[in-house]
Structure formats: C-alpha cells, structure tokens
Amino acid sequence: MVQEKIRKEMTPEQVQELDDLFARARVAQRVIETYDQDRVDRLCQAVAWAVANTTTFHRLVKMGIEESGLGDYTSRMNKRMKIRGVLRDALRQPSVGVIEEDPGRGIVKYGKPAGLIGCIVPTTNPDLTPAGNAIYAIKARDVVIFSPHPRSKDTTFETVRLMRDALEAEGAPADILQCITRPSLLVSQELMRRSDLVIATGGQALVRQAYSSGKPAYGVGAGNATEFLDETADIKATATNCMLSKTSDFGSGCSADGNVLVPRGRYGDMLDALAEVGGYRASEEERARLESVMWDTEGHRLADTVAISPQKLAEAAGFTIPDEAKFIFVEGDGIGEEHNFCKEKLTTLLAVHAYDGTFEDGVDLALQLYEVGGKGHSCGIASTDDAHIDYFGRMMPVSRIMVNQPNSRANAGAFNNGMPMTSSMGCGTWGGNIISENVSLKHYMNTTWVSRKIPVDRPSDAELFGDFYDPAMEPDGEAKPTDAAVTVS
C-alpha cells in the first residue's frame, strides 16, 4: 500500500517523532474538548499575544528571512496585524455549545471540534500561518500538528514553541500545538493521512497531496491577481494600491498583483502613475532578459527569482535599477499560454496590459487571462461605476473581488473591509478547491443541528409548480404526506 511505502521510506527518527506527536496530541485533545467558551477565548488571546507583540514578531520575521532567504522585513512585519485580525474574528464568534439559533425553523446548532488538524506551513509565512491556524483551532477546541517547510523550519518551530509556552502558562496542555522537527514531503504526506482534517497552504503539488490524503482538506488554488481599471478609475490611487499589493513581502503572496488591465485611452497615464509610486519601467530588452530568468523554455516559473527585491531581480537579469525602485513593471506582450508575463509572478514584477473597445471587451480580455492561470483566486476592480462593478462581479470566475483596494492587503481580510481574516483562501471548483471563501473559524468546526417540529410549512402544488401545475393530472386531489413521508429521509 502507498501508506506503508511512505512509512518505510521515512527515517526511523521521523516515524518515531510522528508516533509521539500523535499520541500526545490525542491526550491534549481529550482535555481541550472539555473547555468552556471563556477558557478557549483566553487561550486564543494568550497564544496570539505570545507571537504578535511587536518585539517578538520582529525577532521571528528577522529569523524567517535569514533562514529562508525570502521576504521583505518591513512588509512582513505588517503581518502581525493579520494575527490581530484573526483574533478579532475568532473572539466575536461562539464556538462552544449553542452557536446559532433559528426559532422560526426550529433549529439550534452546536459547535463541536474538528479534531486533530494537520497544518502544512509555507516557507513564505513561517510565523503568520502557525499563529492564525492556532487561534482558529484553539477557538474550535482542536489540536494541531504543524509541518514546517524545510527551508524555514526553525522559524516555525520557534513560533510554535512560544505558543506552547503561552498555553502552559495558562495551565493548558502545551501539546494542543505541536511541530514536526524533521520535516520532509513524506512526513507531510503521513501527517495528512493520519489527521482528522488537513489545512494545506502552499504550492499546487502540496495541495494535490492534501486532497489525495484520504482526509478532509482545505487547500488553496494558484493565484494570479489582476487589477482591472475602467474609465472611471482614479489612476493615481490605483497605482498606489498596485504598488502596495505588489511590494508586500516582495510579491510572494498569491494575492500580490501580477497584472493590470487598463483601457487603451488611459494606458499611458497608468504607466506614468506606476513610475511615480516607485515602479521601474523595463525596456523591451530588459523585459526579454527578465523573462529568461523567470521562466524556463517550457514556461515553468524558475524558483531563484521568486520573492526577491526588484534590485536583485534586475541583477539576476543582467541590468541595474535605482536603489529607490520598489518594483519593476513591464508592458504586456499579449494574453495566452505562450505569453509568460500574463502568468503568476510571485515576485516584485508587474505586467501592464492595455485593452481596446468597451468595458465589456476589457472584461472579455480578463476572462482570457484567467484561463491562463489564477482562476478561482482573486482580482480587483478600480471603478466608481456600480453597474460596472456589478457586471464584473457577475462575470469573473474568482472567489473574491476587491473594489478600489490593494489586493494582497485586502482580500485575506482587512480592518476596513468585511472579508474574514485568514492566511488561507479557497478558490472553489475553479481552482480545484472545496470552498470558494476565506478559510476561517467555521471551517475548523463540526456542527450538530438539533431540529424541533414547527408548524407545517408546505406550499400547495399550485404554488410550487406555478404555470406547470395541472389539477387534471391529480385525479385524487393533491398528494397528502403521510407521517412516514414527512419523517423519513
């Protein structure tokens, strides 16, 4: 069997560690399941503060960047606010006992733990992902085993250690949260196979492994966030939003703007605005050099230029740019599989594409772009025309659309919008995921529905079937439900 093969190929130390982690996790699970709402809320606050205070998060960010070689210190420090947002959302929702009542339908819902969660941590978020998952998991009375990325395992292990210390200080089992110290792909596969629920944040290969683990799993689809402008867009404000989104952690997130689609008549203004906010406009020759170091001859993204500064990206391509440049932008050379610059970048480079014709023609071009990559994830629209925003919302095959906001700072939740705070975003069936929303507290819980009888709620056949109802086809009158018919599913 595949599972037996995986276990045999793991080292004896890896096998022993996983066995020990699961044994301790199950013991801790039996304890946290007994906690009341006040108890789990306080534990959420304790673990969040342990890592999200500025002093500690500074140390974790510095450690993560030095360990992995990826990321930007300033923008990554801002992610401590995301932990605050996750905590805010968690504290505002019930998770123990009755979590929802609908007297009119006779329904009462009870929150129950999902159980033991296997959480796969990406190298780009070795501190944020464990913290956010820990808060939601503790709130739901789950236990978690984290599998760090080998490239940033020490940072993740330290993040989990700090949260374990916080749990112990509150008299709770530290083993509510645990971390693998000998990570590998095989270990992650075994973790996912043995967990009750899998939350996988990372590349598509990893997400596919999660879905093939045989356990319920929340994964994420590939990103290729695109900002779409119409004729009413505020060019300068939109350029600023693109800069904020593109430069966040050196463009390492799936939500970082990769493309901008602009009406032909406003194209030149947008190029100038991007330069004004710190963008370096690459020449045609420089664009060709960038393409050669970002993609191989078959169009596959090369890892060496992922999540690096624009200066290092230019250096890798054989030219130099000013020290003050915040990102590089190129003029797009077309939309389609053969055009690499319309694909996901995951670094400090943005492609700008012009569209001709009407607003609807531009949306058609955006739809073509999402056929290349990023379907299901996210996009943004810069517009003050509500009819355009509504049309865009109806047409785009994505799970989230930000209106006049920086995508990477908004679509995973922000303090000035209503998106649930998260570090994991489902992309629906478009992106090969089971959900098309931000992974948040409700996804960490089971729910028991308790149903009481209510007055009969059965419309007449004439109401139900409308114009199709023909009483002549019911010679004995309307069908009447028997007791069996209304009580047996």
Side-chain angles (χ1 to χ4, degrees), residues 51-86 119-133 146-160 162 179 183 201-203 206 220 222-223 225 242-258 278-279 293-294 301-316 321 323-328 344-350 406-413 422-425:
V51 294
N53 69 82
T54 302
T55 301
T56 301
F57 203 71
H58 162 82
R59 180 168 65 84
L60 292 172
V61 166
K62 185 172 183 291
M63 183 178 181
I65 291 174
E66 290 177 351
E67 184 182 11
S68 68
L70 300 174
D72 166 56
Y73 171 79
T74 301
S75 54
R76 189 172 287 191
M77 272 299 293
N78 291 331
K79 293 183 179 181
R80 71 192 188 281
M81 302 308 296
K82 183 70 67 178
I83 300 174
R84 286 163 167 78
V86 170
C119 178
I120 313 301
V121 182
T123 187
T124 51
N125 273 325
D127 35 34
L128 171 62
T129 297
N133 277 278
F146 295 97
S147 180
H149 192 286
R151 191 171 175 177
S152 53
K153 62 183 178 66
D154 292 342
T155 304
T156 295
F157 188 80
E158 176 63 8
T159 303
V160 177
L162 291 166
C179 186
T201 305
L206 172 69
V220 297
C242 289
M243 179 273 292
L244 292 171
S245 183
K246 181 76 273 180
T247 58
S248 180
D249 210 11
F250 287 158
S252 61
C254 295
S255 301
D257 287 357
V293 298
M294 292 178 65
R301 188 68 173 87
L302 298 170
D304 291 347
T305 51
V306 168
I308 59 176
S309 71
Q311 287 75 23
K312 288 185 177 180
L313 179 59
E315 182 182 350
I321 64 174
D323 291 341
E324 62 270 19
K326 298 177 180 178
F327 63 99
I328 299 171
E344 186 177 34
K345 293 30 165 222
L346 295 175
T347 196
T348 45
L349 185 135
L350 183 69
N407 285 307
S408 69
R409 294 195 179 189
N411 63 17
T422 188
S423 60
S424 299
M425 291 171 282

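Keep in mind that what you see is a predicted model, and the values were worked out from it rather than measured. Position 1 is the first residue of the sequence; numbering continues from there.
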* What's the spacing between Thr305 OG1 and Lys345 NZ if we round to 0.5 Å? -> 12.5 Å
* For Arg409 and Ser245, indicate whether the former's side chain and the latter's backbone hold a donor-acceptor pair under 3.5 Å. => no
* Ser252 backbone acceptor or donor facing Asp249 side chain under 3.5 Å -> no
* Phe57 and its side-chain contact (heavy atoms from CB on, under 4.5 Å) partner, picked from Val61, Thr54, Asn53 -> Val61
* Can you tell me how far the OG atom of Ser248 sits from the CG atom of Asp72, to the nearest 0.5 Å? -> 8.0 Å
* Carefully, step by step, assess Glu67 and Thr155 under the rule side-chain hydrogen bond (donor to acceptor under 3.5 Å, both in side chains). => CA-CA 8 Å; Glu67 184 182 11; Thr155 304; 2.6 Å; yes
* So do the side chains of Phe146 and Asn133 get within less than 4.5 Å of each other, counting heavy atoms only? -> yes
* Asked: How many angstroms lie between CD in Glu158 and OG1 in Thr56, if you round to the nearest 0.5 Å?
  -> 9.0 Å
* Hey, are the side chains of Lys326 and Met243 touching, using non-hydrogen atoms and a 4.5 Å cut-off? -> yes
* Please tell me if the side chains of Leu313 and Ile328 come closer than 4.5 Å, counting only heavy atoms from C-beta onward. => yes
* **Sidechain-backbone polar pair: Arg59 side chain, Thr55 backbone, donor-acceptor under 3.5 Å** => no
* To do: Check each of Pro183, Ser424, Ser147 against Ile120 using the side-chain contact (heavy atoms from CB on, under 4.5 Å) test, and report the only one that passes.
  => Ser147
* Does the side chain of Thr123 come within less than 4.5 Å of Leu70's, by heavy atoms? -> yes
* Once you round to the nearest 0.5 Å, how far does NE2 of His149 lie from OG1 of Thr156? -> 10.0 Å
* Donor-acceptor pair, side chain of Arg151 and main chain of Ser68, under 3.5 angstrom -> yes
* To do: Begin with the C-alpha distance, continue with both residues' side-chain angles, and end with the deciding distance and a verdict on side-chain contact (heavy atoms from CB on, under 4.5 Å) for Asn411 and Met425.
  => CA-CA 9 Å; Asn411 63 17; Met425 291 171 282; 3.5 Å; yes
* To do: Any chance you could lay out the side-chain contact (heavy atoms from CB on, under 4.5 Å) test for Val121 and Ser152, step after step, and finish with the verdict?
  => CA-CA 9 Å; Val121 182; Ser152 53; 5.9 Å; no
* **Met63 vs Asp154 side-chain heavy atoms within contact, under 4.5 Å** => yes
* Please answer whether the main-chain N or O of Ala325 pairs with a side-chain N or O of Gln311 as donor and acceptor at a distance below 3.5 Å. => yes
* Asked: Does the Lys246 side chain pair with the main chain of Leu349, one donor and one acceptor, at a distance under 3.5 Å?
  -> yes
* **Side-chain touch Phe250/Ser309, heavy atoms, less than 4.5 angstrom** => yes
* Can you tell me if Lys82 uses its side chain to pair, donor with acceptor, with the backbone of Gly132 under 3.5 Å? -> no
* Side chain to side chain, Cys119 and Pro130, heavy atoms closer than 4.5 Å -> no
* To do: Please step through side-chain contact (heavy atoms from CB on, under 4.5 Å) for the pair Val51 and Asp127, ending with a clear verdict.
  => CA-CA 8 Å; Val51 294; Asp127 35 34; over 6 Å; no
* Asked: Does Ser75 reach the side chain of Thr247, with side-chain heavy atoms less than 4.5 Å apart?
  -> no
